[in-house]
Amino acid sequence: MRTLLPSSPHNPMLQSPTTPSSRRRFIHCAKRSDSSPIGSSRSDWQSSCAILSSKVVSQEQAAVNGHTNGSVNLVPFDDKSLTPPNKKTTPTPLSITDLSPAPMHGSNLRVAYQGVPGAYSEAAAGKAYPNCQAIPCDQFEVAFQAVELWIADRAVLPVENSLGGSIHRNYDLLLRHRLHIVGEVQLPVHHCLLALPGVRKEFLTRVISHPQGLAQCEHTLTKLGLNVAREAVDDTAGAAEFIAANNVRDTAAIASARAAEIYGLEVLADGIQDDASNVTRFVMLAREPIIPRTDRPFKTSIVFAHEKGTCVLFKVLSAFAFRNISLTKIESRPNHNVPIRLVDEANVGTAKHFEYMFYVDFEASMAEPRAQNALSEVQEFTSFLRVLGSYPMDMTSWSPSSSSSSSSTFSL
């Protein structure tokens with residue numbers, strides 16, 4: 001079992017062996033309390049590898065933000081080449097190739113996504129980076145860490161859905177980590193009702209899926225006449241995997257058609273989402289930003305806050321309105337550093353105000369003077385401002401009725 005544990009700011013990972021009976025590879029990424037990238041130069045990586053080659057540490061617990069917690073796992077995937085038949089594995093230090101830069105143009109990128117094979121995020125990763133090597137992760141934060149630790153070159157994660165709204169967890173992680181948004185993909189939802197071969201709809205007693213998958217198919221399930229219990233699980237593809245692995249014949253899953261192919265399930269009903277215009281937006285994340293351009297439509301994402309509260313919001317928005325810059329999204333999230341601000345008024349008493357961070361997407365490239373001037377003005381009104389990325393907009397057209405392998409909201 002390969003375990004990656006941070007031992008110092010420039011020594012990002014250590015390794016321990018797999019058991020001989022296992023043919024599946026697990027990669028553990030320990031949670032980190034800071035958000036700075038690991039290593040600042042190639043010499044740092046070489047120094048880290050020199051240290052790794054002389055010291056191997058096995059550790060089951062990692063300190064997470066000052067507390068002891070279990071390691072965070074990537075979803076296992078088969079790699080039989082790692083364990084030759086009848087041969088016991090031994091600890092092997094990571095080499096410089098494990099920490100190598102992203103492949104050159106034309107090579108396969110390693111793209112992290114949250115979920116198991118057959119998840120909608122896997123389809124989003126495939127559209128964002130065709131022919132990529134998709135790396136499944138069991139949590140959103142693990143996908144961030146996979147890129148930071150050079151296990152993956154990119155990550156593709158959902159940030160909002162046209163029906164379900166924003167995925168707040170990923171907005172918080174964008175602020176916590178130092179990855180950059182380098183692109184976006186927007187994909188329609190296409191849900192299927194899946195069950196084991198030979199199972200008929202009238203014999204079903206339960207339907208399982210991600211909470212958003214269940215919500216998006218609520219009316220259709222009723223129209224199908226299914227008087228079943230509806231149970232939420234971690235993700236849609238995971239629901240299909242559970243049915244196949246446990247041979248559960250009274251249960252169906254709401255997942256993609258690709259999940260049916262992977263796990264040997266039958267499609268009992270196709271396109272069962274209540275709204276054919278249900279679309280999920282994913283962002284592509286990388287360690288380095290891309291160079292903004294002006295020869296195609298760009299979008300820029302920022303996050304800002306002010307130490308005196310939300311009264312500055314109007315001034316910030318006016319900076320964009322004055323320059324005719326369209327906003328495509330505005331999202332507020334609690335300011336975890338200062339969640340509540342106390343205001344003492346002599347005549348009224350003490351008032352408590354909730355503090356927020358504001359995430360804004362606007363249609364302009366940072367290469368445009370109007371965008372630069374707008375952010376210069378915004379900086380005057382805010383105590384914190386960070387550009388999350390300036391990247392090409394997804395301008396591809398899509399047809400809800402023909403997107404059998406499309407992406408869904410949070411089912412990763």
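Numbering starts at 1 and runs along the sequence shown. The model shown is predicted, which means the values in this text are computed figures rather than measured ones.
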Does CG in Asn324 sit with more than 12 non-hydrogen atoms of other residues, nucleotides or ligands closer than 6.0 Å? no
Identify the heavy atoms of Ala240 and Tyr263 that sit nearest to each other, and give their distance. CB-CD1, 4.0 Å
Should Glu122 and Arg258 count as an ion pair when the cut-off is N to O under 4.0 Å? yes
State, yes or no, whether a side-chain contact exists between Val189 and Asn161 at a heavy-atom distance under 4.5 Å. yes
Answer with yes or no whether the side chains of Lys127 and Thr396 bring together a donor and an acceptor at under 3.5 Å. yes
Taking side chain as C-beta onward, heavy atoms only, is His177 less than 4.5 Å from Glu141? yes
Least distance between heavy atoms, Gln186 atom then Asp394 atom: N-OD2, 2.7 Å
N-O pairing of Glu363 and Lys299 below 4.0 Å: no
Check against side chain to side chain contact (heavy atoms under 4.5 Å, CB included), Glu368 and Thr294: CA-CA 7 Å; Glu368 301 179 55; Thr294 58; 3.9 Å; yes
Could you check whether His191 and Tyr120 have their ring centres less than 6.0 Å apart? yes
Indicate whether any N or O donor in one side chain lies under 3.5 Å from an N or O acceptor in the other, for Asp270 and His190. yes
Hey, is Arg287 close enough to Glu148 for a salt bridge, meaning N to O under 4.0 Å? no
Quick one: do the Ser301 and Tyr391 side chains pair a donor with an acceptor below 3.5 Å? yes
Side chains of Gln273 and Asn278: any donor to acceptor distance under 3.5 Å? no
Using modelled atom types only, decide if a donor and an acceptor are shared between the side chain of Ser365 and the backbone of Arg293 within a distance under 3.5 Å. yes
Between Leu317 and Phe322, is a side chain to side chain contact (heavy atoms under 4.5 Å, CB included) present by the stated rule, with each step listed? CA-CA 9 Å; Leu317 298 181; Phe322 178 75; over 6 Å; no
Determine whether Arg154 and Tyr129 make a side-chain contact, defined as any pair of heavy atoms from C-beta on separated by less than 4.5 Å. yes
Heavy-atom closest contact (Ile254 atom, Leu221 atom, distance): CD1-CD1, 4.0 Å
Heavy-atom side-chain contact between Val185 and Met284 under 4.5 Å: yes
For Asn247, give me all partners under side-chain contact (heavy atoms from CB on, under 4.5 Å), at least two apart in sequence or on another chain. Leu196, Arg249
Run the ring-centre check on Phe384 versus Phe304 and record whether the distance is less than 6.0 Å. no
Distance-only polar pair, side chains of Glu331 and Ser166, donor-acceptor under 3.5 Å: yes
Qualifying residues under ring-ring contact (aromatic ring centres under 6.0 Å, His included), relative to Phe362, sequence neighbours excluded: Phe320
Are any non-hydrogen side-chain atoms of Leu224 and Lys201 less than 4.5 angstrom apart? yes
Distance to the ring centre below 6.0 angstrom and angle to the axis at most 45 degrees; does that hold for Arg110 and Trp150? no
Evaluate the side chain to side chain contact (heavy atoms under 4.5 Å, CB included) criterion for residues Phe140 and Asp172: first the C-alpha distance (whole Å), next the side-chain angles of each, then the deciding distance (0.1 Å), finally the verdict. CA-CA 11 Å; Phe140 289 128; Asp172 294 340; over 6 Å; no
Counting distance only, does the side-chain N/O of Asp274 pair as donor-acceptor with the main-chain N or O of His219 below 3.5 Å? yes
Those residues at least two apart in sequence (or on a different chain) that pass side-chain hydrogen bond (donor to acceptor under 3.5 Å, both in side chains) with Glu377 are Arg323
